[in-house]
Number of protein chains: 2
Amino acid sequence: MITNHASESSSGAPSRPRSADDLVWRALSDPSRRLILDRLRERPHTTGELCRYFESTRFAVMKHLKLLEAAGLVLVERRGRERFNHINPVPIQEIYRRWIRPFEALPADRLLRIKRLAEAREEKE
Amino acid sequence: MITNHASESSSGAPSRPRSADDLVWRALSDPSRRLILDRLRERPHTTGELCRYFESTRFAVMKHLKLLEAAGLVLVERRGRERFNHINPVPIQEIYRRWIRPFEALPADRLLRIKRLAEAREEKE
DNA sequence: CAGATATGTGACCATTTGGTCACATGATAA
DNA sequence: TTATCATGTGACCAAATGGTCACATATCTG
């Protein structure tokens, strides 16, 4: 009976260095961080301003900003004691170009099959 | 001294029901799952076939597939004892249309500022 | 039917993650 | 210059996450 067990000794996630792309995906995966980016899309905000949009504390927002900055999605402009957070659209565009756009080109026959599968699934509910 | 503490009693994430969009973002945030989708983009694969691309065990791959299915990114076609996993491009396209595309339209003056900030940051490294 | 194949489930575990706070520092305004 | 404001850091905590395995079921194939 084959059950596909691990051959190497390993347990849990080995915490790899994380690629640049992965940092971006990871940063985008959290709804609070996406909300921050939504605000920054309108105009730059200081950290304090951003905090007003959230239930959680300033510290949580700062952690989010740190992740967003590490991913290159947010650029920081220090002015006096204030920190202005600007959005950087480039990483998002890269993600789109390199990973999302290729998914738009599927042959018509496959799309038809997919559509049928989706309909079959909906009927089951 | 203002430090912005929590007003309501709360600790840790309250585990909300997660919106449909969030399921998709969450599913896309893991590199193994993106790799699965890369394979499925070429052609449908059975679960066993997919396992060959990964170091981790079949169980991990199955968990990933379950998440991808819950997010609507993978549609399952059962054929005998085999399970064919098909990619569904629709959720990705929705994410793009509703969230990513809007980031492409930033006014030129803001883009220029952002470019300068990015350059200043590069020099610091 | 009997064994091999392909997938599914629940329990369990270590790490990561998102969150809190006490405490600290640098800039501003009265 | 002194109190206030805006931001930063490290420690800590509970929950989510990604992973493993023992065990189970259903489907071929000889």
Practice problem: Rounded off to whole Å, could you give me the CD-to-P distance for the B:E55 and D:dT20 pair? | Solution: 10 Å

Quiz item: Can you check the A:H45 NE2 to D:dA6 P distance for me, whole Å?
Solution: 15 Å

Quiz item: Quick one: is D:dA6 close enough that its OP1 or OP2 comes under 4.0 Å of any side-chain N or O from A:T47?
Solution: no

Self-check item: Closest-nucleotide ordering on DNA chain C, the 5'-leading residue of A:R78 and A:K63
Solution: A:K63

Quiz prompt | Integer-rounded Å distance: D:dA16 C1' and B:K66 NZ | solution = 15 Å

Exercise. Flag the pair A:E77 and B:R116 as a salt bridge only when some basic side-chain nitrogen lies within less than 4.0 angstrom of an acidic carboxylate oxygen.
Key: no

Self-check item: N or O in side chain of B:H64 less than 4.0 angstrom from D:dG19 OP1/OP2
Solution: yes

Quiz item: Can you tell me how far P of C:dT17 sits from CE of A:M62, to the nearest Å?
Solution: 18 Å

Quiz prompt | Selection from C:dA24, D:dG19, C:dT20 that lies nearest to any side-chain heavy atom of B:T3 | solution = C:dA24

Quiz item: Looking at A:F84, does the NZ or CZ of A:R78 lie under 6.0 angstrom from its six-membered ring centre and within 45 degrees of the ring axis?
Solution: no

Quiz item: Is the shortest side-chain N to carboxylate O distance from B:E49 to B:R43 below 4.0 Å?
Solution: yes

Quiz item: Of B:R33 and A:H5, whose nearest nucleotide on DNA chain D comes first from the 5' end?
Solution: B:R33

Quiz item: Could a donor-acceptor pair under 3.5 angstrom be found where the side chain of A:R81 meets the base of D:dT7?
Solution: no

Exercise. Kindly indicate whether the side chain of A:R58 and the base of D:dG8 share any N or O donor-acceptor pair separated by less than 3.5 Å?
Key: yes

Quiz item: With distance as the sole criterion, is a donor-acceptor pair present between the side chains of A:H45 and A:R39 under 3.5 Å?
Solution: no

Practice problem: Using only side-chain N and O atoms of A:R18, determine if any of them is under 4.0 Å from OP1 or OP2 of C:dT17. | Solution: yes

Quiz item: Roughly, in whole Å, what's the span from CG in B:L35 to P in D:dG18?
Solution: 15 Å

Exercise. Check the distance between D:dT7's C1' and A:E49's CD and give it to me in whole angstrom.
Key: 14 Å

Exercise. Find the distance A:W25:CH2 to D:dG18:P and express it as a whole number of Å.
Key: 15 Å

Quiz item: Do the side-chain N and O atoms of B:W25 and A:D30 include a donor-acceptor pair separated by under 3.5 angstrom?
Solution: no

Exercise. Can you tell me the distance, in whole Å, between the CD atom of A:E77 and the C1' atom of C:dA27?
Key: 16 Å

Quiz prompt | B:T57 side-chain N/O to D:dG19 phosphate OP1/OP2 under 4.0 Å | solution = no

Quiz item: Hey, which of these two, B:E82 or A:F59, hits DNA chain C nearer its 5' end, going by closest nucleotide?
Solution: B:E82

Self-check item: Sugar-phosphate only, base, or nothing, as touched by A:R79 at under 4.0 Å among non-hydrogen atoms
Solution: nothing

Quiz prompt | Given DNA chain D, 5'-ward residue of the pair B:N4 and B:G80, judged by closest heavy atom | solution = B:N4

Exercise. Quick one: do A:D21 and A:W99 satisfy side-chain hydrogen bond (donor to acceptor under 3.5 Å, both in side chains)? Show the steps, please.
Key: CA-CA 10 Å; A:D21 266 26; A:W99 203 84; over 6 Å; no

Quiz item: Taking only side-chain nitrogens and oxygens of A:R83, does any of them come within less than 4.0 Å of OP1 or OP2 of D:dA6?
Solution: no

